[in-house]
Amino acid sequence: MPTTVGASVGARTNITNVLDFPDEILGKICGECTQSDWICLSLVCKRFRDFAAARLYRDFNIVFPDEDDPFFDAPVDGLAGGLQTFASSNYNYAKHLREIKLDTISVGQKAEAAYKPYLATVTCGKFMNTLFLLTLRKAKSLDTFRWNIRVELGSPIYQSLHEIKSLRRLHLRLQAGPSVYDNPPPLPLSDAQYPQYAATASGMQFVHPGDGPPPLPPASSTSKSSWKTRTSKKATLTQEPRTIAGFRNLESLSVLDMDSLDIVPQITTCVRNSSSTLRELQLSFSFALAMQSRRPVAELEMDESEDDDFQADPLITTANYDNNGPARIFRAQEERKAQELVLGRIFEVEPSKPKNCDPPTEEKAEEQTEEKISTSQYGQQFIYDVTHAFTRMMMHVNGISDFGHLDQQDALDTITEAAKKYVESEKSKIMPSSSTQAGSNDDDLRQAQLPDGEELSDQRPKAKSVTFAAEPEDLIDISDPEELPTADPQSNVDTGMADIMADITSSENLADEPEAEESFYSATSSGDSDLVRISNARQKLDRILADMEKYVAEKLGEGNLGQNASQYLRETRGIGLHSLSLHLIPIKASVLSKAVDLHTLERITLLNVGEQRKFWTMMMMENKQKRLPLRKVFTDDVCLQFLQLVSELDCVTEVLLLQRSPKYNPQSFAPRPTTTIGQIRKMILKKHMGSIQRLMIKNQADDSWDIDDRAMRIICGKGHELQELAVIMGMQEIHTLIQNIHLVPNLRALQIITFRSEDTCLSVMRETRRFIVDALSHCVGPKLEWLAMGEEERAVRIVERPEVPKLGSSAKGKGPATATGPIGDHTTGTQFPVAPMTWDDESDSEEEDQTLLSGFTLEMIEGFTFYDISDIYGIRIFEKEVVNGCL
């Protein structure tokens with residue numbers, strides 16, 4: 001029996017072919033291969049094809065090169081070939097897709113020109129949308145979708161993305177201008193080729209083209225009804241397609257270059273549906289939308305001398321009030337107010353419309369006009385009644401009708417002025433409800449007609465009576481901020497218990513309902529009021545118990561306790577983001593404090609978002625209460641509050657500071673900070689230089705942030721963890737860096753943004769790079785690999801080239817050569833070496849000179865763009881978003 005078992009085990013472990021290995025081992029083997037090896041493996045068999053395809057088609061990355069890039073006219077079109085493979089192959093390669101990425105090398109107009117042939121309005125763009133749709137229908141395991149080009153995606157593509165349950169990271173850069181998928185314009189009213197239809201009271205009626213114009217619809221009976229029944233701008237039957245609103249449970253969401261605020265409700269829905277899983281959020285406005293909220297720049301006036309011969313007809317010339325200065329400034333102010341509410345609308349923490357921001361609609365304008373008319377009539381009536389009553393009183397007392405006495409006239413003027421002030425004060429207290437206005441005005445009139453010493457009794461029901469008479473499901477305790485919004489029965493329970501305690505302690509609540517009032521008076525007359533109160537409290541308690549049972553049954557049956565818990569956490573603490581990036585979107589400290597859990601933020605990027613002082617002050621207060629985990633910051637408003645916050649943090653690993661030029665557009669709403677390099681050195685470098693890994697100090701306005709000698713010594717002396725450095729420096733600071741470069745062993749990338757030198761010759765910058773490389777050749781520790789000077793977005797790579805020894809140099813020595821050496825004669829079988837044909841003493845001296853070298857040299861390889869370095873090697877300071885200060 002043991003022999004049989006051993007034989008079976010030996011038979012199972014006897015592997016004679018590579019295909020006998022399990023999938024785990026084959027997967028590990030294929031993971032060590034290169035891309036060319038995977039292509040060869042895919043042609044071996046179906047099993048190897050699965051392993052090779054899972055790695056070849058895992059990521060689909062397409063980069064649109066610039067026009068001046070050498071790869072712009074490449075013979076191989078990776079976009080067309082890849083989409084054709086995914087859409088038309090018999091084998092489903094799209095099932096291996098995990099990431100789809102479309103990006104550009106540059107930003108701005110240069111990037112838009114790169115993908116201009118693929119816009120959705122041209123034929124090539126429509127074909128691309130169709131192929132992507134076919135690909136996404138097969139890609140059921142997609143995890144990341146990064147669409148970083150301003151090409152509009154069609155609604156079917158969004159629908160296919162909504163159906164991919166594994167999608168967790170979404171990056172969208174919206175199109176420029178209006179959508180091409182908007183509702184088409186209405187058909188022309190008159191066309192001789194097609195039949196026409198006219199709307200009548202009985203329905204649609206066919207009208208022959210030759211019968212003249214269609215009949216007019218029947219006129220309304222009153223002007224008010226026709227005013228109310230006007231059609232809105234958008235048809236009620238049309239519905240906006242679900243684009244961003246259809247995504248759920250995302251971990252990363254980026255919506256950039258918003259050209260209109262109409263997309264904000266879609267983002268709000270997406271954030272709400274992903275609030276429990278969202279960890280990274282990036283939002284930005286487009287340049288065009290941001291410029292709408294800026295004050296218009298003064299335009300150059302037309303030279304009158306050029307238009308002396310041109311005279312406009314005064315009969316047809318009209319004043320254009322929409323393009324003049326005050327109108328444009330007013331529109332910019334209104335647009336700024338609307339943009340300041342965007343974050344509140346997205347996070348649902350503040351009202352979506354400001355006071356007096358949007359013009360009132362026609363219906364609201366009519367209602368407000370009627371309310372003003374009624375209020376004015378009541379006020380004038382009140383003033384007339386008071387004046388007339390005083391006149392009659394004075395005539396009755398004095399027996400005269402002439403008010404010529406100064407005292408009587410002064411008294412009359414005093415009462416009239418007091419009445420006017422009273423009416424004006426009542427106008428400011430009027431509520432929007434017309435019923436409340438009418439009631440308050442009637443009370444004023446009745447109060448004015450009452451004799452002295454009597455007050456107007458309130459005949460209207462109290463607010464508490466309305467609450468008591470309502471059904472249990474209408475009882476919601478809105479004063480409790482910790483209450484779950486979806487747990488209506490639970491709120492009924494809290495409100496009901498409060499009513500029970502009120503009934504036990506007081507008997508005034510029994511007069512709220514008619515039946516309770518009768519029972520109260522009957523019980524009071526018979527002395528049984530306590531029994532009545534107990535019976536009413538028992539009835540309320542029964543209803544509360546029923547609501548509690550219903551509440552528990554619903555929650556346990558639906559299984560949405562987790563959703564309610566996430567909603568509760570969002571309302572009490574905010575969304576637990578780890579990274580928040582905003583660009584061109586105005587921020588408010590009150591909104592971010594309610595919407596985001598500040599004690600989970602690890603990275604913050606705020607670029608051109610207005611004044612940031614209040615936000616950094618709020619962060620300082622939060623940090624004093626509980627230490628913040630903030631480690632990475634990128635801002636263009638380096639105020640003293642920001643420096644103070646960074647100095648109080650426990651640890652910082654990434655500090656990117658930017659100061660824009662005064663001519664930069666869109667202009668910032670924040671005042672220009674007055675910080676200097678001395679303040680940055682004292683509050684950031686001295687405290688956190690030992691933990692900072694990436695440091696950028698870039699000032700495009702002036703030289704107040706140029707690195708001085710003291711700051712460079714701190715960077716070199718404490719920057720043991722420094723990996724990337726981008727600063728502005730002069731010749732003295734470069735000498736300090738070269739002398740102490742061995743103290744920064746982990747430095748991988750160095751960018752001298754601006755080289756301050758009196759000599760502007762290009763050879764100075766070229767030789768400066770060589771000086772830095774020469775200093776590196778004498779150090780073993782530094783790992784500096786990338787070096788850039790200037791803002792041309794190109795860098796050189798520093799590589800180490802070892803010296804290759806010549807043949808025969810290793811065999812030279814004082815002793816005789818052995819027969820097994822490389823110069824032995826193995827063909828003749830002799831054990832003696834072959835004598836050299838010539839003797840050259842100069843070669844011996846050259847080889848001896850080469851042995852005195854270090855054994856390796858450093859070379860600089862040019863031609864690397866910032867995009868390639870950041871995308872392949874992960875250098876943060878070379879990313880185009882960091883270089884250009886945008887998202």
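Both backbone and side-chain heavy atoms feed into the values below; hydrogens, waters and symmetry mates do not.
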In Å and rounded to the nearest 0.5 Å, what is the OG1 to CG distance from T605 to L656? 7.5 Å
Backbone N or O of I877 within a donor-acceptor pair of the E724 side chain at under 3.5 Å? yes
Given side chains that start at C-beta, do those of L153 and F145 come closer than 4.5 Å, heavy atoms only? yes
Please find the pair of heavy atoms, one from L133 and one from S160, that lie closest to each other, and give the distance. CD1-OG, 3.2 Å
Just by distance, with hydrogens left out, do E280 and H578 show a side-chain donor and acceptor under 3.5 Å apart? no
Does the distance from a Lys or Arg side-chain N to an Asp or Glu carboxylate O, for R660 and D636, drop under 4.0 Å? yes
Is there a donor-acceptor contact under 3.5 Å linking the side chains of N608 and H583? no
Aromatic ring centroids of F64 and Y118 under 6.0 Å? yes
Which heavy atom in K698 sits nearest to a heavy atom in V883, and how many Å separate them? NZ-O, 2.9 Å
Test F285 against V342 for side-chain contact (heavy atoms from CB on, under 4.5 Å), laying out the working first. CA-CA 10 Å; F285 286 159; V342 168; 3.7 Å; yes
Can you spot which of K880, Q751, E792 makes a side chain to side chain contact (heavy atoms under 4.5 Å, CB included) with F866? Q751
Give the C-alpha distance, both sets of side-chain angles, the deciding distance and a yes or no for side-chain contact (heavy atoms from CB on, under 4.5 Å) between Q266 and V255. CA-CA 11 Å; Q266 301 258 7; V255 183; over 6 Å; no
Expected output: side-chain T754 to main-chain I728 donor-acceptor under 3.5 Å: no
Test L582 against L607 for side-chain contact (heavy atoms from CB on, under 4.5 Å), laying out the working first. CA-CA 6 Å; L582 300 175; L607 301 173; over 6 Å; no
For the side chain of Y867 and the backbone of T104, is there at least one donor-acceptor N/O pair under 3.5 Å apart? no
Whether E348 and R272 form a salt bridge (side-chain N of Lys/Arg under 4.0 Å from carboxylate O of Asp/Glu) is what I want to check. yes
Take atom CZ of R627 as the centre, draw a 6.0 Å sphere, and report whether it contains more than 12 heavy atoms from other residues, nucleotides or ligands. yes
With a 4.5 Å limit on heavy-atom distance, are the side chains of T653 and I692 in contact? no
Go through the steps to decide whether E654 and R876 satisfy the test salt bridge (charged side-chain N to carboxylate O under 4.0 Å, His left out), and finish with yes or no. CA-CA 10 Å; E654 180 177 302; R876 170 76 168 155; 3.2 Å; yes
Backbone N/O of A701 and side chain of N699: donor-acceptor pair under 3.5 Å: yes
Hey, is the main chain of L174 close enough, under 3.5 Å, to the side chain of R150 for a donor-acceptor pair? yes
Within the side chain of W147, is there an N or O that forms a donor-acceptor pair under 3.5 Å with the backbone of L170? no
Straight-line distance of E152 CD to Q175 CD, nearest 0.5 Å: 4.0 Å
Can K126 and T121 be counted as having a side-chain donor-acceptor contact under 3.5 angstrom? no
Working for side-chain contact (heavy atoms from CB on, under 4.5 Å), residues V596 and L601: CA-CA 8 Å; V596 181; L601 274 179; 4.1 Å; yes
Using a distance-only test with no angle check, is there a side-chain donor-acceptor pair under 3.5 angstrom linking D143 and S166? no
Regarding Q339 and S293, is there a side-chain donor-to-acceptor distance under 3.5 Å anywhere? yes
Q159, CD atom: more than 12 neighbouring heavy atoms under 6.0 Å: no
Please report the shortest heavy-atom distance between S274 and L250, naming the atom on each side. OG-N, 3.1 Å
Return the OG to CG distance between S286 and D257, rounded to the nearest 0.5 Å. 6.0 Å
Does a side-chain N-to-carboxylate-O contact under 4.0 Å join R173 and D103? no
Decide, yes or no, whether a salt bridge links E99 with R146 under the criterion of side-chain N to carboxylate O below 4.0 Å. no
Would you call E340 and K337 a salt bridge, taking side-chain N to carboxylate O under 4.0 Å as the test? no
Which atom pair, heavy atoms only, marks the closest approach of F615 to I604? CZ-CD1, 4.0 Å
Are any of the side-chain heavy atoms of R631 and C651 separated by less than 4.5 Å? yes
pair L261-L289: side-chain heavy atoms closer than 4.5 Å: yes
R672 atom CZ, over 12 foreign heavy atoms within 6.0 Å: yes
Would you compute the distance between atom CG of L695 and atom CD1 of I697 and round it to the nearest 0.5 angstrom? 4.5 Å
Can you tell if the side chain of I100 reaches within under 4.5 Å of the side chain of L136, non-hydrogen atoms only? yes
Counting N and O atoms only, with roles assigned by atom type, does the side chain of N273 sit under 3.5 Å from a partner on the main chain of T269, one being a donor and the other an acceptor? yes
To the nearest 0.5 Å, what is the distance between CD1 (I575) and OG1 (T277)? 10.0 Å
I'd like to know if the side chain of D259 reaches the main chain of G177, judged simply by a donor and an acceptor atom lying under 3.5 Å from each other, with no hydrogens or angles considered. yes
Which side-chain N or O atoms in residues 639-649 pair as donor and acceptor under 3.5 Å with protein atoms at least two apart or in another chain?
unit_1, atom_1, unit_2, atom_2, d
Q644, NE2, E648, OE2, 2.8
S647, OG, L643, O, 3.3
S647, OG, Q644, O, 2.6

Distance-only polar pair, side chains of S260 and D262, donor-acceptor under 3.5 Å: yes
Heavy-atom side-chain proximity of L658 to V638 below 4.5 angstrom: no
Please check if the distance between the ring centroids of F247 and H162 is under 6.0 Å. yes
Less than 4.5 Å apart, side chain to side chain, heavy atoms only: is that true for L253 and C270? yes
Could you check whether any side-chain heavy atom of V655 comes within less than 4.5 Å of a side-chain heavy atom of H688, counting everything from C-beta outward? no
So for atom NZ, which belongs to K614, do other residues, nucleotides or ligands contribute more than 12 heavy atoms lying within a distance under 6.0 Å? no
Carefully, step by step, assess K632 and E602 under the rule salt bridge (charged side-chain N to carboxylate O under 4.0 Å, His left out). CA-CA 6 Å; K632 302 177 182 179; E602 300 177 0; over 6 Å; no
Any donor-acceptor pair under 3.5 Å from R168 side chain to K165 backbone: yes
N/O donor-acceptor pair under 3.5 Å between R279 side chain and S252 backbone: no
Heavy-atom pair of closest approach, residues D637 and W616: O-NE1, 4.2 Å
Rounding to 0.5 Å, atoms OG1 (T268) and CZ (F347) come to a distance of 9.5 Å
Distance only, no hydrogens: is a donor on one side chain within 3.5 Å (strictly under) of an acceptor on the other, for T635 and Q612? yes
So, S254 and Q282: side-chain donor and acceptor under 3.5 Å apart, yes or no? yes
Over all heavy atoms of both residues, which pair between E793 and N884 is shortest? Give the atoms and the distance, please. OE2-ND2, 3.9 Å
